[in-house]
2 protein chains.
Amino acid sequence: MKIEPESCRVDDALGILVGKWKPLILLHLLKNGTQRFSELKRSVPGITQKMLTNQLRDLEEEDIIERKVYPQVPPKVEYSITEYGRSLEPILNAMHEWGTNHIIHKREKMKKENVGNERKL
Amino acid sequence: MKIEPESCRVDDALGILVGKWKPLILLHLLKNGTQRFSELKRSVPGITQKMLTNQLRDLEEEDIIERKVYPQVPPKVEYSITEYGRSLEPILNAMHEWGTNHIIHKREKMKKENVGNERKL
DNA sequence: CCCTGTAGTATCCTTTTATATACTATACCA
DNA sequence: TGGTATAGTATATAAAAGGATACTACAGGG
């Protein structure tokens with residue numbers, strides 16, 4: 001069944017996955033289950049606190065992850081994938097697989113192009 | 001099989017699909033086969049020439065679409081999905097399906113939240 | 001001779017994303 | 001008393017993406 005371009009909903013899914021860190025955050029939560037804010041921060045090297053908070057808020061708003069606050073000091077906040085959020089897993093897997101293959105595809109294409117260029121010299 | 005976050009290739013796939021117009025362009029090419037530049041432009045309302053050229057160049061560079069120039073005046077350039085590009089189709093379909101369902105999911109979540117709020121009044 | 005259509009470029013401007021840095025409250029520990 | 005850890009917020013700035021507009025070449029038609 002073909003998608004009708006006029007009623008395409010690819011962007012709705014795409015919008016949830018884009019953001020420089022979202023796939024990584026989701027992957028960590030899928031792999032390790034519940035994680036604290038600071039654990040996530042350590043798991044995703046290079047991310048700033050602001051970015052991590054932003055991305056987590058985005059995902060929470062879409063009901064992909066759950067945020068649980070423990071009212072204590074120092075603060076403790078746990079994040080986890082929701083049941084609904086798990087429905088993204090097959091898509092992430094498909095994209096990972098495609099991406100892995102794409103790297104190979106590009107390498108092979110470059111090789112061919114280089115051979116072609118050498119012939120032209 | 002779980003994806004290892006350290007070697008995640010989701011972004012490689014994501015990078016090809018993101019861009020405000022790429023899914024739509026791909027859908028049109030998948031649905032209608034070969035299309036001229038001007039046909040695509042008409043098919044995607046609101047896109048500027050610059051954006052269309054940019055997105056097409058991006059997709060061409062990744063070997064997802066093919067560009068065929070007919071050396072004539074006025075110019076004629078045809079675009080089509082490559083065989084390799086078709087490997088993205090299942091992912092687009094999965095995202096479209098997920099996105100369609102997500103809209104429903106959100107609507108139902110909002111309904112529940114509103115009921116909750118009414119009770120509080 | 002001017003107008004139209006094609007497939008672009010070139011330039012400038014606005015909006016969106018991402019990053020860097022500093023700051024907060026408060027319990028616990030030495 | 002001062003330092004550490006937690007989960008943030010606030011502010012400023014840089015970089016990337018997107019958009020508006022004008023411009024090009026040249027054949028064919030009136």
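Letters A, B, ... are given to chains in the order of the sequence lines, protein chains preceding strands, and every chain is numbered from 1. Keep in mind it's a predicted model, so treat the numbers as computed, not measured.
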Query raised in the report: Rounded to the nearest Å, what distance is computed from the CD atom of residue B/E39 to the C1' atom of nucleotide C/dT6?
Result: 12 Å

**Report entry** Side-chain N or O of B/R57 closer than 4.0 Å to phosphate OP1/OP2 of C/dA7
**Finding:** no

Report summary line: Quick note, B/Q55 side chain, CB onward, closest among D/dG18, D/dT6, C/dA18 is D/dG18

**Report entry** Which nucleotide in C/dT19, D/dT6, D/dC26 has an atom nearest any side-chain atom of A/K50
**Finding:** C/dT19

Query raised in the report: Between A/I47 (CD1) and C/dT17 (P), how many Å, whole number?
Result: 16 Å

Report task. For A/H28 and A/E39, test the side chains for any donor-to-acceptor distance below 3.5 angstrom and give the result as yes or no. Result -> no

Query raised in the report: Expressed in angstrom and rounded to an integer, what is the separation of A/Q72 atom CD from C/dA25 atom P?
Result: 19 Å

**Report entry** A/T53 side chain, from C-beta outward: closest of D/dT9, C/dA18, C/dT9
**Finding:** D/dT9

Report summary line: Taken to the nearest whole Å, CE/A/M51 to P/C/dT16 is 15 Å

Query raised in the report: Honestly curious: do A/I64 and B/M110 fall in one hydrophobic cluster under the side-chain, below-4.5 Å linking rule?
Result: no

Query - Distance, rounded to the nearest Å, where A/K68 contributes NZ and D/dA7 contributes P - result: 15 Å

Query raised in the report: Is it true that A/E97 and B/R9 have a side-chain N and a carboxylate O under 4.0 angstrom from each other?
Result: no

Requested in this report: Look at the side chain of B/K41 and the backbone N and O of B/F37, then say whether any donor-acceptor pair between them is shorter than 3.5 Å.
Outcome: no

Requested in this report: Looking at every strand, decide which applies to B/K76 at a 4.0 Å heavy-atom threshold: base, sugar-phosphate, or nothing.
Outcome: sugar-phosphate

Query raised in the report: Does B/R36 have a side-chain nitrogen or oxygen under 4.0 Å from the phosphate oxygens OP1 or OP2 of C/dT6?
Result: no

**Report entry** Rounded distance in Å - CD (B/Q35) to C1' (C/dA7)
**Finding:** 15 Å

Query - B/R67 side-chain proximity, nearest of D/dG18, C/dA7, D/dT9 - result: C/dA7

Report task. Send over the distance from B/L56 CG to D/dG18 P, rounded to a whole Å. Result -> 14 Å

Requested in this report: Map B/Y79 and B/V73 onto DNA chain C by nearest heavy atom, then report which one ends up closer to the 5' terminus.
Outcome: B/V73

Report summary line: Side-chain contact check for A/S38: nearest option of D/dA7, C/dT19, C/dT6 is D/dA7

Report summary line: Taking D/dT6, C/dT9, C/dA7 as options, the one with an atom nearest any side-chain atom of A/P75 is D/dT6

Query raised in the report: For B/Y70, which contact category applies under a 4.0 Å heavy-atom criterion: base, sugar-phosphate, or nothing?
Result: nothing

Query raised in the report: In terms of the angle between their ring planes, are A/H105 and B/Y84 parallel, tilted or perpendicular, with boundaries placed at 30° and 60°?
Result: parallel

Report summary line: When rounded to the nearest 0.5 Å, the distance separating CG of B/L24 from CD1 of B/I47 is 8.5 Å

Report task. Compare the minimum distances between each of C/dT6, D/dA20, D/dA7 and the side chain of A/V77, then state the nucleotide with the smallest one. Result -> D/dA7

Query raised in the report: Considering only side-chain heavy atoms of A/T48, which listed nucleotide, D/dA7, C/dG5, C/dA20, is closest?
Result: C/dA20

Query raised in the report: Could you state the CG-P distance from B/N54 to D/dA16, rounded to the nearest angstrom?
Result: 15 Å

